[in-house]
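Worth saying up front: this structure is predicted, and the values here are computed from it rather than measured.
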Amino acid sequence: MKKIFLAALPLLLFSFVIPSSTAPTMKAASIYQFKVPGLLGGTIDFSKFKGKKILVVNTASKCGNTPQYDDLESLYKQYKDQLVIVGFPANNFGGQEPGTNDEIAAFCKKNYGVTFPMAAKVSVKGDDMAPLYKFIVADAEKKGFSDPIKWNFTKFLFDENGNFLTVFFNGDRLIPNNPNAKGKAAYEKLLAYLNH
């Protein structure tokens with residue numbers, strides 16, 4: 001009996017040790033696989049957004065682009081039957097989102113009446129980039145958008161099947177009658193996707 005145990009011991013030990021270089025890694029195949037903490041608790045489950053387009057935005061409260069919260073809220077109210085917007089507060093650019101989750105939530109509600117889903121504060125760039133943003137950036141880069149997150153309020157659009165469509169950059173205010181030609185083109189592009 002002792003000989004059988006000793007002969008089986010290496011196999012038993014090997015079955016519990018997998019070298020890290022050969023350990024399988026799980027990569028998300030779809031945005032629908034992500035669940036993220038909400039700004040005031042709870043979970044934002046992206047699988048619940050199947051059938052709608054999704055606009056993912058990195059936000060900040062002390063940025064020149066912060067008034068885009070108004071733009072996003074207007075879009076959300078107008079198109080919420082076909083579009084969900086998910087905001088991700090991030091402090092990656094100029095320290096422009098220094099607040100806690102509670103402070104950010106109070107700011108968004110008081111100043112902009114934000115009702116679209118807001119995630120807990122994350123990092124959207126660098127070594128500590130949130131897994132969802134790693135996925136989004138990789139998707140965008142496959143479509144030719146190199147290093148797509150340049151600043152706060154970069155917006156990533158996904159179709160109703162969870163496929164990446166495009167990036168709207170931080171300066172692209174998604175508002176009707178935008179006086180800026182680039183912003184106007186971005187808004188018209190978004191409407192084309194929404195009406196498709």
*Asks:* Backbone N or O of Thr66 within a donor-acceptor pair of the Gln96 side chain at under 3.5 Å?
*Replies:* no
*Asks:* Can you tell me how far CG of Asn170 sits from SG of Cys63, rounded to the nearest 0.5 angstrom?
*Replies:* 7.5 Å
*Asks:* Is it true that a side-chain atom of Glu97 and a backbone atom of Ser61 form a donor plus acceptor pair closer than 3.5 Å?
*Replies:* yes
*Asks:* Do Tyr32 and Ile54 have side-chain heavy atoms sitting under 4.5 Å apart?
*Replies:* yes
*Asks:* Under the side-chain hydrogen bond (donor to acceptor under 3.5 Å, both in side chains) definition, can you give me all pairs with a residue in residues 137-149, not counting sequence neighbours?
*Replies:* Lys125-Asp147
*Asks:* To the nearest 0.5 Å, tell me how far Phe116 CZ sits from Glu73 CD.
*Replies:* 6.0 Å
*Asks:* Can you give me every donor-acceptor pair (side chain of residues 188-196, partner residue at least two apart or in another chain, under 3.5 Å) with its distance?
*Replies:*
residue : atom : partner : partner atom : Å
Lys189  : NZ   : Thr166  : OG1          : 3.0
Asn195  : ND2  : Leu191  : O            : 3.0

*Asks:* Are there over 12 heavy-atom neighbours, none belonging to Lys184, within less than 6.0 Å of that residue's NZ?
*Replies:* no
*Asks:* Checking the side chain of Glu103 only, and the main-chain atoms of Thr100 only, is there a donor and an acceptor separated by less than 3.5 Å?
*Replies:* yes
*Asks:* Flag the pair Asp71 and Arg173 as a salt bridge only when some basic side-chain nitrogen lies within less than 4.0 angstrom of an acidic carboxylate oxygen.
*Replies:* yes
*Asks:* Sequence neighbours left out, what pairs pass side-chain hydrogen bond (donor to acceptor under 3.5 Å, both in side chains) with at least one residue falling in residues 78-92?
*Replies:* Asn92-Ser123
*Asks:* Return yes if some donor-acceptor pair links the side-chain N/O of Asn111 with the main-chain N/O of Cys108 below 3.5 Å, else return no.
*Replies:* no
*Asks:* What closest approach, in Å, do Gly99 and Ile104 show between heavy atoms, and which atom pair accounts for it?
*Replies:* O-CD1, 3.6 Å
*Asks:* With a 4.5 Å limit on heavy-atom distance, are the side chains of Thr59 and Tyr69 in contact?
*Replies:* yes
*Asks:* What's the separation between atom CG in Leu83 and atom CG in Leu72, rounded to the nearest 0.5 Å?
*Replies:* 9.5 Å
*Asks:* Kindly say whether Lys182 contributes a backbone atom to a donor-acceptor pair with the side chain of Asn180 at under 3.5 angstrom?
*Replies:* yes
*Asks:* List the residues meeting ring pair (Phe, Tyr, Trp, His ring centres under 6.0 Å) with Phe145, not counting sequence neighbours, and say none if there are none.
*Replies:* Phe164
*Asks:* If you measure from CZ on Phe153 to CD on Gln68, what distance do you get to the nearest 0.5 Å?
*Replies:* 6.0 Å
*Asks:* List the atom pairs, with distances to 0.1 Å, where a side-chain N or O of residues 38-49 and a protein N or O form a donor-acceptor pair under 3.5 Å, not counting sequence neighbours.
*Replies:*
residue : atom : partner : partner atom : Å
Asp45   : OD1  : Ser47   : N            : 2.9
Asp45   : OD1  : Ser47   : OG           : 2.7
Asp45   : OD2  : Ser47   : OG           : 3.2

*Asks:* Report yes if the side chains of Trp151 and Asn65 come closer than 4.5 Å at any heavy-atom pair, otherwise no.
*Replies:* yes
*Asks:* How long is the gap from CG on Leu157 to CG on Leu55, to the nearest 0.5 Å?
*Replies:* 6.0 Å
*Asks:* Taking it one step at a time, do Ile31 and Asn163 satisfy side-chain contact (heavy atoms from CB on, under 4.5 Å)?
*Replies:* CA-CA 8 Å; Ile31 194 165; Asn163 301 307; over 6 Å; no
*Asks:* State which residues pass side-chain contact (heavy atoms from CB on, under 4.5 Å) with Ile149; sequence neighbours excluded, sorted by chain then number.
*Replies:* Asn58, Phe93, Val124, Tyr133, Val137, Thr154, Phe156
*Asks:* What heavy-atom pair brings Pro89 and Ala120 nearest, and what distance separates the two atoms?
*Replies:* CD-O, 4.2 Å
*Asks:* Got more than 12 heavy atoms from elsewhere within 6.0 Å of NZ, Lys150?
*Replies:* yes
*Asks:* Between Lys53 and Glu160, does at least one N-O distance fall below 4.0 Å, as a salt bridge requires?
*Replies:* yes
*Asks:* Ile175 and Val167: same hydrophobic cluster, using ILVMFWY side-chain contacts below 4.5 Å?
*Replies:* no
*Asks:* How many angstroms lie between CG in Asp172 and CG in Asn178, if you round to the nearest 0.5 Å?
*Replies:* 8.5 Å
*Asks:* Is the side chain of Asn101 donor-acceptor paired with the backbone N or O of Lys121 at a distance under 3.5 Å, no angle test?
*Replies:* yes
